[in-house]
Amino acid sequence: MSPAIPVENYLYLAIVLFSIGAAGVLIRRNAIVVFMCIELMLNAANLVLISFARHHADPAGHIYVLLVMAVAAAEVAVGLAIMIAMFRERKSIHVDDLRDMHG
Amino acid sequence: MSISLPALEPLLPGLLLVGVAILLLMYEVFAGQADRTYAAHLAVVGLGLSMFLSLKAVGTPRALLFGTDLANAPLIVDDFARVASALVAAAGLVAALLSPSYAKNAGHDHGEYYGLILFAVVGMMIMSMAGDLMTFFLGLETMSIAVYALTGLRAHDPRSTEAALKYFLMGAFATGFLLFGIALVYGATASVSLATLATFKAGSPLLTLGIALILIGFAFKVAAVPFHMWAPDVYEGAPTPVTGFMAVGVKAAAFIALLRLVHSGLGVSAQTDSTWIPILSALAVLTILVGNVLALVQQNVKRMLAYSSVSHAGYLLIGVVAAARGEASAGSAIIFYLTSYTFMTLGAFGVLTFLERKEGGPESERYGAFAGIGFRHPALGMAMSLFMVALAGMPPTGGFFGKLYLFTAAIRAEETWLALVGIAGSLISVYYYLRVIVAFYMREVPEPGPTPTATRSAQLTLGVALAAFFVLQLGLFPAPLLALTKSAMLSLGL
């Protein structure tokens, strides 16, 4: 490892990524894009895990990242299936069109 | 490290369910157009057996799996986990009993349905056993992903897919918060273990932010105000038995995991820097008031029950505050409340399943649609009245003792004002719960109005009868369950 980048920098980058993701979820209206923003939040968490694993010299952190990836993949499978079902019903995956129920 | 089979014995209740679930999924390939009632029966037998195994092991020493001490064991099977496992298995069991006639009615009779319920229950069990935050996360996701799929199972009903997509997006969003919080805690403490977290007395900013994000994730999952927006739509759109399962199972698992968290890491930091108590208290008060007031104005009974479930999360948060204050009786009060809440809510959704019409749709869920049911179906009317009285917290039901223990714990923890807010909320709730009874018994039957076709099946009847039996049993003889919950809390070291 050459002149080390301090772990704080990774943390700040992760916080920025997480914030972009969270803001995207609230602002974007296309369900797929919203879901991509959620993935961004998960990857921000992965970045924190992996950089602190290095910082603490603790291999467990690397394994957590793999676990998170597996979980995220399972989530994608179910999520996209739900979006396809929704698209078949309404020919749209805009979250603004989700308003059969309200009150 | 080698894992020998006997070492897995404490996990038997969960492994059994995984086995049955895989069997159900595999058999689905060969099942063709057959009736899927056998799948419901298999799931019920599996869940019953799993419940029995969990309860039988209560009182035996704590088992640590894949680790040697509390700080490195990812799974802790103690009495707390065993009682919680039995509770979520019971929730799954009643939900599985409610399902066959609903599924046939709605035309989505799939064997996978029961497999998904079993996987969700296993996820809930893992949440209750988790010794570290990462294991907790895996359990939570096992549960959540299964429940997302269950919500959207009526793929040709726009309300069901809408509910599934909303639940999925909000749930995944909450997961993002939770996971980022876990990552920050890992950064601050170099470990995700709850026992290690407990040794950090003064909160560094990283640790504080991490715990705050984890709490936000929790608040989403239990639908605490202001993170409750998804709940009414999802509860309304999901298949009725799934709504019941979601309302009780997900909530019970989340509160049980929160309880373990409070008794390890969060509890210590709460007592030392006391940042969390005001936040949790504010969350509880908002949840009770907003949940109850919005439940008042609903015209759809399923939505009303959704908001009422929000307010029940608020009552339970009072218990969490008391537990964070170090009040020993709060934990057992929470488990007692969750148990009685499980039976009364599943019972209420069971009655709604009974009255579901073939065409479905929101019209059949309005108060008006239930006019005169109490006379046409006397047993059903009595059961619904019992569940509503229990949800309102009146004796002689389990709901009364649940509220009594919870508010007593709050008063003992010197949070009298929280108990008063809880009592005020319960008083408001009497209005909308009694409104259901009024609709059942005292409304004119619109002529020639559509008469709900009560879908009958032996399983559904058994499910509602079981729920009614336990609601009454807990109200008349609360002592055995209370003893069980106390031994559960003792195993947490209290």
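Here is how names work: the chains are called A, B, and so on, in the same order as the sequence lines, proteins then strands, and each is numbered from 1. Values reported hereafter were calculated over all heavy atoms of this structure, with side chains retained and with hydrogens, waters and symmetry mates removed.
- Judged by distance alone, with hydrogens and angles left aside, the side-chain atoms of A/H55 form no donor-acceptor pair with the main-chain N or O of B/G187 at under 3.5 Å.
- Residue A/A77: no heavy atom, backbone or side chain, is found under 4.5 Å from chain B.
- Between B/A183 and A/A45, the shortest heavy-atom distance links the atoms CB-O, 3.6 Å.
- Closest non-hydrogen pair, B/I145 versus A/V71, comes out as CD1-O, 4.1 Å.
- When heavy atoms are compared at a cutoff of 4.5 Å, A/Y64 approaches chain B by way of both its backbone and its side chain.
- Heavy-atom neighbours of A/Y10 OH from other residues, nucleotides or ligands within 6.0 Å: at or below the threshold of 12.
- Residue A/V7: no heavy atom, backbone or side chain, is found under 4.5 Å from chain B.
- Around CZ of B/R435, the count of heavy atoms belonging to other residues, nucleotides or ligands within 6.0 Å exceeds 12.
- Heavy-atom distances place both the backbone and the side chain of B/L184 under 4.5 Å from chain A.
- Annotation: maximal heavy-atom pairing with chain A below 4.5 Å, among B/F168, B/Y148, B/F180, occurs at B/F180.
- For A/D58, the side chain to side chain donor-acceptor pair (under 3.5 Å) partners two or more places apart in sequence, or in a different chain, are B/Y186.
- At a 4.5 Å heavy-atom cutoff, A/A70 makes no contact with chain B through either its backbone or its side chain.
- Heavy-atom distances place the side chain of A/V25, and not its backbone, under 4.5 Å from chain B.
- Heavy-atom proximity under 4.5 angstrom to chain B picks out A/A31, A/V34, A/F35 from residues 30-37 of chain A.
- A side chain to side chain donor-acceptor pair (under 3.5 Å) check over residues 79-93 of chain A, counting only residues at least two apart or in different chains, returns the pairs A/R90-B/E162, A/S92-A/D97.
- Within 6.0 Å of NE2 on A/H62 lie more than 12 heavy atoms contributed by other residues, nucleotides or ligands.
- Contact of A/L11 with chain B is made through the side chain alone, with heavy-atom distances under 4.5 Å.
- For the side chain to side chain donor-acceptor pair (under 3.5 Å) condition, the pairs that include at least one residue of residues 131-143 of chain B, sequence neighbours left out, are B/D132-B/T135, B/E141-B/T175.
- For B/F177, the parts sitting under 4.5 Å from any heavy atom of chain A are the backbone and the side chain alike.
- Annotation: maximal heavy-atom pairing with chain B below 4.5 Å, among A/G21, A/A14, A/A57, occurs at A/A14.
- Using a 4.5 Å heavy-atom threshold, the side chains of A/I82 and B/T151 count as separate.
- Neither the backbone nor the side chain of A/I63 comes within contact range of chain B; no heavy atoms are under 4.5 Å apart.
- Within the 4.5 angstrom heavy-atom criterion, no atom of A/A72 approaches chain B.
- The distance from the OG atom of B/S144 to the CD atom of A/E75 is 7.5 Å, given to the nearest 0.5 Å.
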TODO: In sequence, state the C-alpha distance, the side-chain angles, and the governing distance for A/L67 and B/F137, and then conclude on side chain to side chain contact (heavy atoms under 4.5 Å, CB included).
DONE: CA-CA 10 Å; A/L67 294 178; B/F137 170 74; over 6 Å; no
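- Listed options A/N46, A/N43, A/V48 were ranked by heavy-atom pairs under 4.5 angstrom with chain B; first place goes to A/V48.
- Put simply, CD on A/E8 and CG on B/L206 are 9.5 Å apart, with the number rounded to the nearest 0.5 Å.
- With a threshold of 4.5 angstrom between heavy atoms, A/I38 approaches chain B through side-chain atoms but not through N, CA, C or O.
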